[in-house]
Number of protein chains: 2
Amino acid sequence: MSVKNKSIYAILGILNILPSSGYDIKKYCDNVLSGFWNENFGHIYPTLKKMLADGTIEIMSKGKNEKKIQYKITSRGEQALDHWFLEETKLQPVRSEFMLKLFFSSHQPKEKVLQMIEKYKKVHQDKLEKYRVMEMDLEKGIEDISSERAKYIKATLRSGILSHEATIRWCNETIEEIC
Amino acid sequence: MSVKNKSIYAILGILNILPSSGYDIKKYCDNVLSGFWNENFGHIYPTLKKMLADGTIEIMSKGKNEKKIQYKITSRGEQALDHWFLEETKLQPVRSEFMLKLFFSSHQPKEKVLQMIEKYKKVHQDKLEKYRVMEMDLEKGIEDISSERAKYIKATLRSGILSHEATIRWCNETIEEIC
DNA sequence: GGTTTCATGTAACATGTTACATGATTCT
DNA sequence: AGAATCATGTAACATGTTACATGAAACC
């Protein structure tokens, strides 16, 4: 099994909650994990095939009217998932094109730079807004989820909120500095 | 020219400050840009060749005792750089393996999760410490750099500081919540 | 009847990382 | 003399993204 393809763990984690199709997995990534994880079809489908071959997932027998292919986690997959939790988590190298631009922008007209920062701020304000909505939705729907799971979901949401708030503060501070 | 390879702009930005060799560029990335950008040799050298072919950089005539190949930016490279500043900056999709683990960790023993967060906190504290040192170094060495450049360098440092501080606050909050 | 969403997949392309190879120079 | 750093580069591998192809079903 590949050493670095972390997508398999995202998929195992999702299937560990609920058997799903490739399409469902993509939706889950887009709707729920989007703050810290992303996948695309061109990656999901080949990965599912690999995982089938590895025996970490298997195809569920379809009902009569079922058209989609649903996968579920195997006990081998559960083991792989458990093992992953104990592994060290390395931070992936950061790459912020925005910061790269800013770093090199001393020859650019000040207004352009300020515009760029304002835009960046707007993007983060919008994301923050979405996180806040998600946090409220979680509070509302909390009965449907075990309190243990809710705790961890909330923690990832809080992470997004604190990080976007910090970014917005940085934008304000930096706009001041540059003016 | 490739649409997405942003490394060329990192390289152009560096050469726009000072003609450098591939090795110098790598060092600059490691020492100065590391908070928001990274490059490796396996990427830099082929990219330099491509850029030579594109005409955005050129080889400087070597002095007698010079062994390293120094590149400098051409006027075409300057244009490419200027053009890049006006382009829209898209945020790159996030991928945090740490958050992915946390999200799925409701079946894991609480102590393991807490340990994982403590470790994460430690990593960010260490990085924060480094940023603070870099900030002080910048204050000290500020005469060597134009005040315009210093402003932008400082802004990127502040971004690292605020973001690590936010992460540490999140760790403390989350440790409380989980206990 | 037309648009959107569901659903699966491949091929081409682009990007990024690691390991290896080589040899000079500088430091201890 | 040996270790560390300087310096350039390639090959293999791994990963990730986009565009394309196809067709059914649900919605308006």
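Sequence lines set the chain letters: A, B, ... in the order given, protein chains first and strands last, and positions in each chain run from 1.
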Sequence-distant partners of B:L91, side-chain contact (heavy atoms from CB on, under 4.5 Å), two or more places apart:
A:Y120, A:V123, A:H124, A:K127
Nearest-Å distance, NZ (A:K68) to P (D:dG23)?
22 Å
Please report, rounded to the nearest Å, how far the C1' atom of C:dA7 is from the CD atom of A:Q70.
12 Å
Going by atom types alone, do A:E97 and B:W84 pair a side-chain donor with an acceptor below 3.5 Å?
yes
Not counting sequence neighbours, list each pair that qualifies as a side chain to side chain donor-acceptor pair (under 3.5 Å) and has a residue in residues 103-118 of chain A.
A:Q108-B:D82
Give the residues of residues 28-49 of chain A touching DNA chain D, defined as any heavy atom closer than 4.0 Å, sorted by residue number.
A:N38, A:N40, A:G42, A:H43
Minimum heavy-atom separation for A:R95 to B:E39, with atom names?
NH2-OE2, 2.7 Å
List in chain and number order the residues that pass side-chain contact (heavy atoms from CB on, under 4.5 Å) with A:V32, two or more places apart in sequence or in another chain; answer none if no residue qualifies.
A:Y28, B:F103
Ignoring backbone atoms, test whether A:S21 places a side-chain nitrogen or oxygen under 4.0 Å from the OP1 or OP2 oxygen of C:dT8.
yes
Name all residues meeting the salt bridge (charged side-chain N to carboxylate O under 4.0 Å, His left out) criterion together with A:K121; count only those two or more places apart in sequence or in a different chain, and write none if there are none.
none
Report the distance from atom NZ of A:K26 to atom P of C:dG9, rounded to the nearest whole Å.
16 Å
Any donor-acceptor pair under 3.5 Å linking the side-chain atoms of B:R169 with those of B:T174?
no
Listed by chain and number, what are the side-chain contact (heavy atoms from CB on, under 4.5 Å) partners of B:K72, not counting sequence neighbours?
B:P19, B:E58, B:M60
NZ of B:K6 versus C1' of C:dG16: gap in Å, rounded?
16 Å
Please figure out whether B:P93 or B:D24 has its closest DNA chain D nucleotide nearer the 5' end.
B:D24
Is B:S7 near enough to C:dT15 that one of its side-chain N or O atoms lies under 4.0 angstrom from OP1 or OP2?
no
Please tell me if A:R95 has a side-chain N or O lying less than 4.0 Å from either OP1 or OP2 of C:dG16.
yes
Identify, with sequence neighbours excluded, every residue that meets side chain to side chain donor-acceptor pair (under 3.5 Å) alongside B:S21.
B:D24
Net bend of the helix from C:dG1-D:dC28 to C:dT28-D:dA1, end axes of five pairs each, nearest 10 degrees:
40°
Could you pull out the protein-nucleic contacts involving nucleotides 23-26 of chain C (nitrogen or oxygen on both sides, under 3.5 Å)?
residue, atom, partner, partner atom, Å
C:dT25, OP1, B:K67, NZ, 2.8

Taking side-chain contact (heavy atoms from CB on, under 4.5 Å) as the definition, give me every residue that meets it alongside A:S96, ordered by chain and number, with sequence neighbours left out.
A:F98, A:M99, B:F36
Provide, to the nearest angstrom, the distance between the CD1 atom belonging to A:I69 and the C1' atom belonging to C:dG9.
9 Å
Rounding to a whole Å, what distance do you find between A:I25:CD1 and C:dA7:C1'?
13 Å
How close or far is atom P of D:dA25 from atom OH of A:Y23, stated in whole angstroms?
15 Å
Contacts of A:R149 meeting salt bridge (charged side-chain N to carboxylate O under 4.0 Å, His left out) (sequence neighbours excluded), chain-then-number -> none
A:E176: which residues meet the salt bridge (charged side-chain N to carboxylate O under 4.0 Å, His left out) condition with it, sequence neighbours left out?
none
Measure CE/A:M51 against P/C:dG9 and give the value in whole Å, please.
14 Å
Among C:dG16, C:dG9, D:dT8, which is the nearest nucleotide to the side chain of A:Y71?
C:dG9
